[in-house]
Amino acid sequence: MTESAASPLVLYDTLSAGKKPLELLEPGRCKLYVCGPTVYDMSHIGHARAAVVPDVLVRFLRASGIEVLFVRNITDVDDNIIRRAATEGISVDAVTSKYTAAYHEDLGALHCLRPDIEPRVTDNIPQIVALIERLFAAELAYASDGDVYFRVARFAGYGALSKRNLDDMQAGARVEINERKESPLDFVLWKGAKPGEPTWDSPWGPGRPGWHIECSAMSLRHLGETFDIHGGGRDLIFPHHENEIAQSQGACGPGTFARHWMHNGFIDFAGEKMSKSLGNFFTIREVLALYLPEALRYFLLGVHYRSGLNFDVEVPCPGCGQLLTPEQQKPGSTCPSCAAPLELARLRAQVRFPGLEEADERVAYVYDTLARCERALAVVAPNPEDGVPNDVSPAVAGMLSAFVAALRDDLNTAAAIAALSESLREVNRQLEFKKKPDIAARRPTLVRFLADMGVVSQYLGLFAEDPATYLRQRRDRKAARQRLDVAEVERLLRMREDARAKKDWKEADRLRAELGLLGVTPQDTAEGSTWTL
RNA sequence: GGCCUGGUAGCCAAGUGGUAAGGCAGAGCUCUGCAAAAGCUCUAUACGCCGGUUCAAUUCCGGCCCAGGCCUCCA
C-alpha cells in the first residue's frame, strides 16, 4: 500500500530511454501536459489514439487516488488554419471553432475525459511574448527582419530527447535555406506579419507565434516551470518537443520542465504511414459511422501504446467483391477481375476494417457476459453466505489485481485486457448451470465479477454502458447501416413465433426464409426468438 | 547518409535468463422442431539469420538480413 502510494506507476520515459517509476513532484498530485490538435480539419484515428492513450493514463492515476491536473492545448493559429480559411472561404475564427467543436465531439464519443484546462494559443499571446523576452535576456533569441529565432547552438543539450547531436543534424539537414537565420537549425519563435494573416503586436513588430513556443508558454502558465509528465505522438519528439525543452529550460534554467516524456506510437496501414490517399486515411467520424465508439476504443487499447498499430483496411470491388490492393484502388481505374469501374465514393462506402470488427465482437462478448450475469442475479435472491470470499472462484478473485498490475507496468493495456479473459470465460461457465440452486451457490462469484468489472470500466473507459442498451444499440446500428425496417422485422418475427408455438414448422420456416431475404437471421432461445444480422 | 524502433504459431498481439499471455481463425460439444446465434472445450514442438557470454537465451552482447519511423508540417 505504502509502496504503491510512493510510485503508482512505472512508465517508459523517452528522455532516459527506459522505464522508470513515476515520482511525482508533489505526492498525490500529478501535473500533465499533452500536445493537442491544430484545429484545421477533421481528426483522424491517429488523433484518436493520441487522445485515448493519455486518457487511460489520467484514468489510471485518478483511480490510484492521485489528483491529476491535465492540460491539453488547442493550436488555433498556424499556416494550415490560415490556408484552410482561404479554401473554405471563411474566417480563421470560423475554421478553428468549427474544428474544435468537431474534435470535442469525436473525443467525447470515444469516452475521453476532457482536460482540466484546454488553453488556446490566441488566449496566450502575452505569455508567449513574455517568454520570448526571457529568451532574449538569455541571448537565446534574436530578431531578424521581423522574425525572431531561437539560437540552437547556444543551448547546451539540444538533441537529448531525440538522441541526436548537432553534427548529425547538420550532416543530414534537409532544412530550407533561410537567409534570416544564423544557422539552419535555428527555429522560429515569432513570425513577422504577412498581409491577410492574424497578427499581434510585439516588441519585434507585428506577427504571430511560431509553433513550438506556444506549448512552452502554456505549460509554464498552467503547470509552472516544472511538471510531471509531458505527452504526445512519437513524431513530435523532433523537432517539437526538443524545441520545447530548449525554450523552457533556456528561459527557466536546467532541471526545469517535464520530468517524464511519454510518446504514443503511430497507426499505420499495411505497414505504411497514414496519408490522404483512398485506402489509408480515415477520420474518426468515418469510422464511427460504421462501428460503435467502444469498438474503436477497444481496438486502440488492444496494443501497447508505444507500438505501432496496424489498421487493416479491406476494400472490396463493388462489382465482384474481390479485395483490391491500394494500387488498384486508384480513382478512375477498373476492377482487374470483373472490369467494373471503381469510383471513390462507392469504394469508401463498403470499406471494411477487420481489426475493428474483431474488436466490436469482443466488446459485445463482454457486454453479453455482463448482461447474462445481471439476468442470473436478478433471478436469485441474495443469501447470507454471499460475503464469504472463499466462495468466489479463483479466476474471478484474481482478475482485478492482475488487471491493475498490467497497467502499472507502463500502462500495458494489451496485457490488462488479456487478464480479463480468464474470468470472462469462468463466469460464462458458471452461468451455464441453469438450475436455481447452482446459480445461488455461484452468486458470490457473479457479484464479485460485476463489481470488479465496474472498476475495470473506470480504468479503460469501456464497458460502462448498460449492457442491454449497448447490445440493442449495436444491433440497431447494424440494421440502420443495411437500411432495415426494424418494425417490419419484428412483425415477421412475431408471426414466426406464433407459428412455432403452434408447431407449424412449415410456416415458421417460410417466415425464416422471408426474413432471410432481408438479411435477418432469427434465433430461437429459451426466452423467445430474437434476431441478428 | 545520420539517428531510432521492431521482426513471437495461418493472422493480430503481450511477455520473459530457465523452455511462451490473450484475441481471431480451425476442430469438437452444449443448446435447438430443424437451424442459427451464443457459450464452453480442445488445438498448434511460434520467438528473423549467424556467432558470442552463460549451467541455461526467444529474452544479454556483436554481426547480418528484413520491415518501419524520424531527420520538413504531422498524433
Side-chain angles (χ1 to χ4, degrees), chain A residues 14 17 34-38 40-41 43-54 78-80 83 159 162-165 167-176 184-185 187 211 231-240 242 263-268 270-276 298-299 302-304 306-312 354-355 357-359 361-362 364-365 368-369 372 402 406 409-410 412-422 424-432 434 499-500 503-506 508-509 512 515-516 520-526 529-533:
Chain A
T14 308
V34 175
C35 287
T38 301
Y40 72 99
D41 204 350
S43 300
H44 57 239
I45 53 174
H47 295 114
R49 190 181 195 194
V52 166
V53 166
D78 129 298
D79 293 345
N80 288 315
R83 213 174 299 134
S162 55
K163 315 281 178 260
R164 27 187 131 200
N165 58 53
D167 293 338
D168 289 343
M169 288 185 274
Q170 300 276 16
R174 288 200 268 156
V175 186
E176 83 289 5
L185 297 178
F187 56 90
W211 174 36
R234 224 177 187 45
D235 56 319
L236 297 182
I237 294 171
F238 189 89
H240 185 54
E242 197 71 72
H263 292 101
N264 65 272
F266 261 47
I267 291 181
D268 33 55
E272 284 175 45
K273 187 176 169 176
M274 181 158 56
S275 70
K276 292 201 177 189
Y298 183 95
F299 175 75
V303 178
H304 186 93
R306 281 191 283 119
S307 307
L309 203 183
N310 217 47
F311 193 79
D312 281 327
E357 269 167 37
E358 197 178 311
E361 275 170 32
R362 211 47 203 163
Y365 166 72
D368 245 324
T369 303
R372 269 193 288 273
D409 183 9
D410 197 22
N412 193 335
T413 52
I417 286 172
L420 305 177
S421 286
E422 196 188 343
L424 249 4
R425 228 180 305 118
E426 170 66 10
V427 164
N428 277 305
R429 215 179 288 135
Q430 301 216 358
L431 252 13
E432 284 201 332
K434 295 232 165 91
R500 291 186 69 237
K503 298 209 189 302
D504 183 353
W505 309 128
K506 208 177 159 187
D509 288 346
R512 173 153 61 202
L515 285 160
V520 171
T521 309
Q523 287 158 30
D524 306 323
T525 71
S529 297
T530 58
W531 54 280
T532 56
L533 292 160

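Heavy atoms only: backbone and side chains are in, while hydrogens, waters and symmetry mates are out. Residue numbers begin at 1 in each chain, while the letters A, B, ... track the order of the sequences.
Across all strands shown, L420(A) has no heavy atoms under 4.0 Å from either base or sugar-phosphate atoms. Within 4.0 Å of F266(A), counting heavy atoms only, lies at least one base atom of the nucleic acid. Heavy atoms of G233(A) sit under 4.0 angstrom from primed sugar atoms or phosphate atoms, though from no base atom. Backbone-only contact: N412(A) has heavy atoms under 4.0 Å from sugar-phosphate atoms and none from a base.
Evaluation of the ring pair (Phe, Tyr, Trp, His ring centres under 6.0 Å) rule for F238(A) yields no partner, not counting sequence neighbours. For S43(A), there are no side chain to side chain donor-acceptor pair (under 3.5 Å) partners, not counting sequence neighbours. Listed by chain and residue number, nothing satisfies the side chain to side chain donor-acceptor pair (under 3.5 Å) test with R234(A) (two or more places apart in sequence, or in another chain). Looking at residues two or more places apart in sequence or on another chain, you find no salt bridge (charged side-chain N to carboxylate O under 4.0 Å, His left out) involving R362(A). With sequence neighbours left out, E426(A) forms a side chain to side chain donor-acceptor pair (under 3.5 Å) with S393(A), R429(A), Q430(A). Scanning for ring pair (Phe, Tyr, Trp, His ring centres under 6.0 Å) contacts around Y298(A) gives an empty result, with sequence neighbours left out. Among residues two or more places apart in sequence or in another chain, the salt bridge (charged side-chain N to carboxylate O under 4.0 Å, His left out) test is passed with E357(A) by R352(A). D79(A) pairs by the side chain to side chain contact (heavy atoms under 4.5 Å, CB included) definition with R83(A), K191(A), R208(A), not counting sequence neighbours. Evaluation of the ring pair (Phe, Tyr, Trp, His ring centres under 6.0 Å) rule for H304(A) yields no partner, not counting sequence neighbours.
Considering only side-chain N and O atoms, R234(A) lies nowhere under 4.0 angstrom from the phosphate OP1 or OP2 of U5(B). Under 4.0 angstrom from either OP1 or OP2 of A14(B) there lies at least one side-chain N or O belonging to S307(A).
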Does the protein touch nucleotides 19-25 of chain B at the base, only the backbone, or not at all? Give it as B, S and - per nucleotide, heavy atoms under 4.0 Å. --BSBS-
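Separating the C1' atom of G52(B) from that of U5(B) is a span of 24 Å, rounded to the nearest Å. On the C1' atoms, C60(B) is 15 Å away from C47(B), given to the nearest whole Å. Going from the P atom of A36(B) to that of A27(B) covers 13 Å, rounded to whole Å. Taking atom P in both G7(B) and A13(B), the straight-line distance is 10 Å, to the nearest Å. Comparing G63(B) with G68(B), their P atoms are spaced 22 Å from each other, to the whole Å. Rounded to the nearest Å, the gap between the C1' atom of G17(B) and that of U53(B) is 12 Å.
Whole-Å rounding puts the D268(A) CG to G69(B) P distance at 7 Å. Here the P atom of nucleotide G6(B) and the NE2 atom of H304(A) are 11 Å apart, to the nearest Å. Rounding to whole angstrom units, CG of residue L424(A) and P of U41(B) are separated by 12 Å. Whole-Å rounding puts the D312(A) CG to C11(B) C1' distance at 9 Å.
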Could you summarise the pairing of RNA chain B as dot-bracket text, marking Watson-Crick and G-U pairs under 3.5 Å with ( ) or [ ] inside the strand and | across strands? (((((((..(((.........))).(((((.......))))).....(((((.......))))))))))))....
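Taking only distance into account, the side chain of H44(A) meets the base of A75(B) through a donor-acceptor pair shorter than 3.5 Å.
Comparing C3(B), A75(B), G39(B) by their closest approach to the side chain of K163(A) singles out C3(B).
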Distances for protein N/O vs nucleotides 33-35 of chain B N/O pairs under 3.5 angstrom?
| residue | atom | partner | partner atom | Å |
| --- | --- | --- | --- | --- |
| G33(B) | O6 | R496(A) | NH2 | 3.4 |
| G33(B) | N1 | D509(A) | OD1 | 3.0 |
| G33(B) | N2 | D509(A) | OD2 | 2.9 |
| C34(B) | O2 | R512(A) | NH2 | 2.6 |
| C34(B) | N3 | R512(A) | NH1 | 3.2 |
| C34(B) | N3 | R512(A) | NH2 | 3.0 |
| C34(B) | N4 | D524(A) | OD2 | 2.9 |
| A35(B) | N6 | D524(A) | N | 3.3 |
| A35(B) | N6 | D524(A) | O | 3.1 |
| A35(B) | N1 | D524(A) | N | 3.2 |
| A35(B) | N1 | D524(A) | OD2 | 3.4 |
| A35(B) | N3 | R512(A) | NH1 | 3.0 |

